[in-house]
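A quick write-up on the structure given underneath.
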Amino acid sequence: MSNRPIVTFTSDFGTREYYVAAVKGVILEGCPEAEIVDISHEVRSHDLLEGAFTLACAYDCFPVRTIHLVVVDPGVGSSRKALVAEGPRHTFVAPDNGVLSLVYERGDVNRVYSIEAEHYFRRPVCPTFHGRDVFAPVVSQLARGIDGDRFGPEVADYVRLNLPPVRRQDGLLEGIVLHIDKFGNLITSIRPEDLGAEGESGARPAEMTVNGRSVSRQVRYFSEGEGEELVFLVGSTGRYEIAAPRKSAAQVLEARRGAKVQLRIEA
C-alpha cells in the first residue's frame with residue numbers, strides 16, 4: 001500500500017489558464033512524492049458557497065491524513081487571513097473567508113491556525129496569486145509532515161458563511177436551495193435528521209414546495225420518476241433534493257440557489 005501523502009485541490013480557477021498547473025508545480029517542488037487529486041476547478045468565480053459545498057461533498061471520501069487545499073479567494077492580497085485547519089482525520093488549507101464553513105458545521109476541525117510564518121512562502125509573493133505563493137508551499141510542508149502550529153498562532157475568530165438554519169413550524173421544515181448541480185437538480189439544506197428535530201417519532205416527508213410549486217412524489221433514485229415528472233429524494237449529499245429525471249428541475253421550477261424550500265411532514 002502506498003504511503004504517498006494525498007492532497008486534494010478545489011478552486012474556481014478553471015482549466016483554461018495556467019493557475020492550477022502552477023499551484024500543483026509548487027506543491028510537487030516542495031514534496032515530489034505528493035499525490036494531488038482534483039476535486040473541481042469549475043467552482044463559479046468568487047462563489048464561496050459553491051466552493052464550500054463542493055469541498056463538503058467530497059473531502060470525507062478520502063483517507064485519513066489527506067490535506068485539502070481550497071482556493072476560492074475573492075479577497076486575495078487583502079488583510080484576510082490564510083488558514084490551516086486541523087481535524088482528527090483531515091487538514092484543510094484555505095483563505096479565511098467562509099469557504100470552510102460546511103466543514104466547521106460538521107465538527108471536523110479541532111484547531112485553526114493563521115498562516116503567518118513567511119519564511120515558508122514562495123518568493124516573491126504576488127499579491128494576486130496566494131494560491132501559488134502562500135498556500136501551495138504551506139501544503140507541501142504539511143505533506144512532508146510539518147504540524148499546522150508551525151505556520152502561526154491558533155485563532156478562534158475565523159469566518160463562517162451566514163447560512164440560514166432549517167426552521168420547523170406547524171408541520172413544515174423550511175430551508176433553502178443550497179446548490180443546483182449540472183443536471184438541474186435542486187439540492188436543499190434540509191436533511192432527513194431534521195424531520196425529528198423536536199423528538200417527533202414516525203415523521204415522514206409528504207411534499208416539497210419551491211416557488212409556489214408542490215412536488216409530492218418521493219422516490220429512492222432518479223429513474224423511478226417518469227420522464228419530466230418532478231420528484232424529490234434524499235441524494236448522495238445526504239440532503240433532500242428535487243429532480244426531474246429527464247429535464248432540469250431548476251428550469252421547470254424557475255428556481256435559483258437561495259430560493260426558499262418547504263418540506264411538509266406527516267406523523
Side-chain angles (χ1 to χ4, degrees), residues 2-59 61-63 65-86 90-103 112-148 150-152 158-159 182:
S2 174
N3 289 319
R4 295 176 62 187
I6 299 173
V7 174
T8 78
F9 188 12
T10 303
S11 79
D12 59 353
F13 290 160
T15 54
R16 179 178 179 271
E17 309 291 350
Y18 66 91
Y19 307 132
V20 170
V23 171
K24 289 181 177 181
V26 173
I27 294 171
L28 292 172
E29 181 181 40
C31 185
E33 63 272 26
E35 181 174 354
I36 306 173
V37 179
D38 297 305
I39 291 180
S40 176
H41 299 295
E42 303 305 324
V43 173
R44 285 179 292 186
S45 300
H46 317 304
D47 195 325
L48 299 175
L49 178 56
E50 186 168 298
F53 180 86
T54 301
L55 173 68
C57 290
Y59 78 85
C61 296
F62 285 85
R65 294 188 295 278
T66 296
I67 300 160
H68 302 279
L69 171 61
V70 191
V71 186
V72 181
D73 194 12
V76 62
S78 71
S79 61
R80 67 95 183 92
K81 295 185 181 74
L83 302 178
V84 174
E86 291 185 336
H90 302 276
T91 298
F92 305 86
V93 178
D96 183 24
N97 56 17
V99 76
L100 295 180
S101 292
L102 297 180
V103 178
V112 179
Y113 302 98
S114 175
I115 298 172
E116 299 178 12
E118 297 184 4
H119 60 277
Y120 288 109
F121 299 171
R122 185 176 184 268
R123 295 294 181 181
V125 174
C126 175
T128 67
F129 201 178
H130 284 187
R132 178 192 65 192
D133 298 339
V134 176
F135 296 121
V138 167
V139 166
S140 71
Q141 295 303 308
L142 288 166
R144 294 179 62 183
I146 290 180
D147 293 331
R150 297 279 295 276
F151 298 100
Y158 44 85
V159 175
K182 73 176 293 290

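Numbering starts at 1 and runs along the sequence shown. In this text the structure is predicted, and so the values were computed from the model without any measurement.
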**OP:** Applying side-chain contact (heavy atoms from CB on, under 4.5 Å), run through Val71 and Val23 and close with a yes or a no.
**Re:** CA-CA 10 Å; Val71 186; Val23 171; 5.7 Å; no
Subject >> Electrostatic pair Glu118:Arg123 at N-O distance under 4.0 angstrom >> reply: yes
Original post:
Stepwise, does the side-chain contact (heavy atoms from CB on, under 4.5 Å) test hold for Tyr59 with Thr10?
Top reply: CA-CA 10 Å; Tyr59 78 85; Thr10 303; over 6 Å; no
**OP:** Would you check if Val159 and Lys81 make a side-chain contact, meaning some heavy-atom pair closer than 4.5 Å?
**Re:** no
**OP:** Measure the spacing between CD of Glu35 and OG1 of Thr66 and express it to the nearest 0.5 Å.
**Re:** 9.5 Å
Original post:
Rounded to the nearest 0.5 Å, how far does CD1 of Ile6 lie from CD1 of Ile36?
Top reply: 11.5 Å
Subject >> Check: Glu50 side chain, Arg44 main-chain N or O, donor-acceptor pair, under 3.5 Å >> reply: yes
Original post:
Is Gln141 reaching over with its side chain to a backbone N or O of Tyr120, donor-acceptor style, under 3.5 angstrom?
Top reply: no
Original post:
Taking all non-hydrogen atoms of both residues, which atom of Cys31 and which atom of Pro5 are closest, and how far apart?
Top reply: SG-CG, 3.9 Å
**OP:** Apply side-chain contact (heavy atoms from CB on, under 4.5 Å) to Val99 and Leu55, showing your working.
**Re:** CA-CA 9 Å; Val99 76; Leu55 173 68; over 6 Å; no
Subject >> Student check: side-chain heavy atoms of Pro74 and Asn97 closer than 4.5 Å >> reply: yes
Subject >> Heavy-atom closest contact (Val112 atom, Ala85 atom, distance) >> reply: CG2-CB, 4.1 Å
**OP:** Applying side-chain contact (heavy atoms from CB on, under 4.5 Å) between Val138 and each of Ile146, Val84, Ile67, Leu69, report the one that passes.
**Re:** Val84
**OP:** Evaluate the ring planes of Phe9 and Phe13, with Trp represented by its six-membered ring, and classify them as parallel (under 30°), tilted (30 to 60°) or perpendicular (over 60°).
**Re:** perpendicular
Original post:
Has Glu29 got more than 12 heavy atoms of other residues, nucleotides or ligands less than 6.0 Å from its CD?
Top reply: no
Original post:
Shortest non-hydrogen contact from Gly30 to Arg144?
Top reply: O-CD, 3.0 Å
**OP:** Taking all non-hydrogen atoms of both residues into account, name the closest pair between Cys61 and Cys57 and its distance.
**Re:** SG-O, 4.4 Å
Original post:
Where do Tyr158 and Leu100 land on the side-chain contact (heavy atoms from CB on, under 4.5 Å) test, with the steps shown first?
Top reply: CA-CA 10 Å; Tyr158 44 85; Leu100 295 180; over 6 Å; no
Original post:
Parallel, tilted or perpendicular: which describes the rings of His90 and His68, with under 30° parallel and over 60° perpendicular?
Top reply: tilted
Original post:
So, Glu42 versus Ser40: side-chain donor-acceptor pair below 3.5 Å or not?
Top reply: no
Subject >> Residue that, paired with His46, satisfies side-chain contact (heavy atoms from CB on, under 4.5 Å) out of Asp73, Val72, Asp12 >> reply: Asp12
Donor-acceptor contacts under 3.5 Å from residues 126-135 side chains, at least two apart:
unit_1 : atom_1 : unit_2 : atom_2 : d
His130 : ND1    : Arg80  : NH2    : 3.1
Asp133 : OD1    : Arg122 : NH1    : 3.2
Asp133 : OD2    : Cys126 : N      : 2.8

Original post:
Roughly how far, to the nearest 0.5 Å, is CZ of Arg65 from CG of Leu142?
Top reply: 14.0 Å
**OP:** Can you see which heavy atom on Leu102 is nearest to which on Ala56, and at what distance?
**Re:** CB-CB, 3.7 Å
**OP:** Measure the CG-CZ distance between Asp47 and Phe53 for me, rounded to the nearest 0.5 Å.
**Re:** 11.5 Å
Original post:
Taking C-beta and beyond as the side chain, do Ile115 and Val93 meet within less than 4.5 Å on heavy atoms?
Top reply: yes
